[in-house]
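Quick notes on the structure that follows.
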Amino acid sequence: MSNQRLRLGPLGVAVGFITLAGILILSVLQTQAALPTKNRESIQESTRNGVTVSLKNFDLELAKPVAEICIDLPTTEDWLPYPSLQTSIGEMIVEEVALQGAKDSATYSSTLRCCRITFNGASKDIKGDVTIIVTKLQTTLPEIVSDELCNAGRTKLQVANSDVDFSCAMSSNGGSIQIVGKPANMTDQEAFGLVYNSLVTTVEGPWAFTVKP
Amino acid sequence: MQVHATTKIQPNMYVKTMRILLVAKWATASSGTVRMDLRYSPQCAANWTRTTNESPGQVRRLRAELWNSSKTTLLMSYESSIYVYVYTNMYDGTVVRCGKGKQGFVGSGFDAITAFGCA
């Protein structure tokens, strides 16, 4: 057995060397594929209200600007970031937020989640520095807003003296929230904003990252 | 793991413990801003989509659609003109699915239509 090992030694070393070289080449290729941008940024981090958001990448080589961020969330609930992109030609609003590794159990069982954000504008129009701003993180509404959740939201608004009151009506495939009371000088949109915020959990930012193309 | 690939299972029955927002897409037009969520239940390994009127001062016609990965077959849809948000029933989510959200004025066609979001 030991003789066999001695005889196979040089071959094993050669195979090992070739394998290692292959892995290194593949690793380099994969890294380049993951960061195909002329605006490759070193990681930037920002912490607000105990939550750290990291900018992993910002890409202007695609038709639309794309940022990749990772967030160390407070819980494993369903959180949505609200980002925008400030440029020299104005603000670009978000078009898509896509969770990375979305259906992988390692993703949804962890509080550290990464997402790819696409902004609604043309990359070619961007000149000069840009700032990616995540204004807030918010949990999403459940499909059914239970009486318990609805009442808790109403109580929050009462405690805050907002003078806004609402009711919740749910069905098998939809939900409706009716404003039943609000100050005369408050728009429906403002009232709905307060109601929505009373039903979800929010962590306020902003988390801001400036990138020099 | 039980997979629900049926038109009879509604997400609210099964997603009280965990639901994941895989992709959110927005679109804006005269009727306001609409958001489509492609959602996932790990327990059920099932997808569904939800469409939300993000300018809910006025009631809008809303439609949630769940498509196959090649965006050629509509698997699930639900439409209503009385809710702030609507959602489809669950469908097998063990493979890539795509969602699309539509919004319009009540009694009219859809003017705010998101692009497909897939995961």
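Side-chain atoms are counted along with the backbone in the values below, which use heavy atoms only and exclude waters and symmetry mates. Being a predicted model, the structure only gives us computed values, none of them experimental. The sequence lines fix the lettering, A, B, ..., with proteins before strands; numbering per chain opens at 1.
Using a 4.5 Å heavy-atom cut-off against chain B, no residue of residues 152-162 of chain A qualifies as contacting. Residues of residues 112-120 of chain A lying under 4.5 angstrom from chain B, judged on non-hydrogen atoms, are A:Arg113 in numerical order. Identified by a heavy-atom distance below 4.5 Å to chain B, the contributing residues of residues 69-95 of chain A are A:Thr76, A:Asp78, A:Leu80, A:Tyr82, A:Val94, A:Glu95, in residue-number order. At a heavy-atom cut-off of under 4.5 Å, chain A is reached by B:Phe116, B:Gly117, B:Ala119 from residues 109-119 of chain B, listed in order of number.
For chain B, no part of A:Val195 is nearby; none of its heavy atoms comes within less than 4.5 Å. Both the backbone and the side chain of A:Leu141 come within less than 4.5 Å of a heavy atom of chain B. Residue contact with chain A, scored on non-hydrogen atoms closer than 4.5 Å, involves the backbone of B:Ile82 exclusively. Interface residue B:Tyr78: only side-chain heavy atoms are found under 4.5 Å from chain A. Both the backbone and the side chain of B:Ser55 come within contact range of chain A, judged by heavy atoms closer than 4.5 Å.
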Walk me through whether A:Glu96 and B:Trp26 qualify under side chain to side chain donor-acceptor pair (under 3.5 Å). CA-CA 6 Å; A:Glu96 178 184 273; B:Trp26 286 262; over 6 Å; no
Run the side chain to side chain contact (heavy atoms under 4.5 Å, CB included) test on A:Gln178 and B:Val84 for me, step by step, so that the C-alpha distance in whole Å, both residues' side-chain angles and the decisive distance to 0.1 Å come before the verdict. CA-CA 9 Å; A:Gln178 302 287 334; B:Val84 173; over 6 Å; no
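Between the OH atom of B:Tyr40 and the OG1 atom of A:Thr107 there is a distance of 10.5 Å, given to the nearest 0.5 Å. Here the OH atom belonging to B:Tyr83 is positioned 9.0 Å from the CE atom belonging to A:Met170, to the nearest 0.5 angstrom.
The side chain to side chain contact (heavy atoms under 4.5 Å, CB included) test with A:Lys103 is passed by exactly one of B:Val96, B:Thr94, B:Asn47: B:Asn47.
In this structure the side chain of A:Leu99 reaches within 4.5 angstrom of the side chain of B:Ile20, judged on heavy atoms.
Contacts with chain B were tallied for A:Gly193, A:Pro142, A:Ser109, A:Ala191; A:Pro142 has the most, counting heavy-atom pairs under 4.5 Å.
Side-chain atoms of A:Tyr108 never come within 3.5 Å of backbone atoms of B:Arg19 as a donor-acceptor pair (strictly under, hydrogens ignored).
The shortest heavy-atom contact between B:Tyr87 and A:Asn173 is O-ND2, 2.8 Å.
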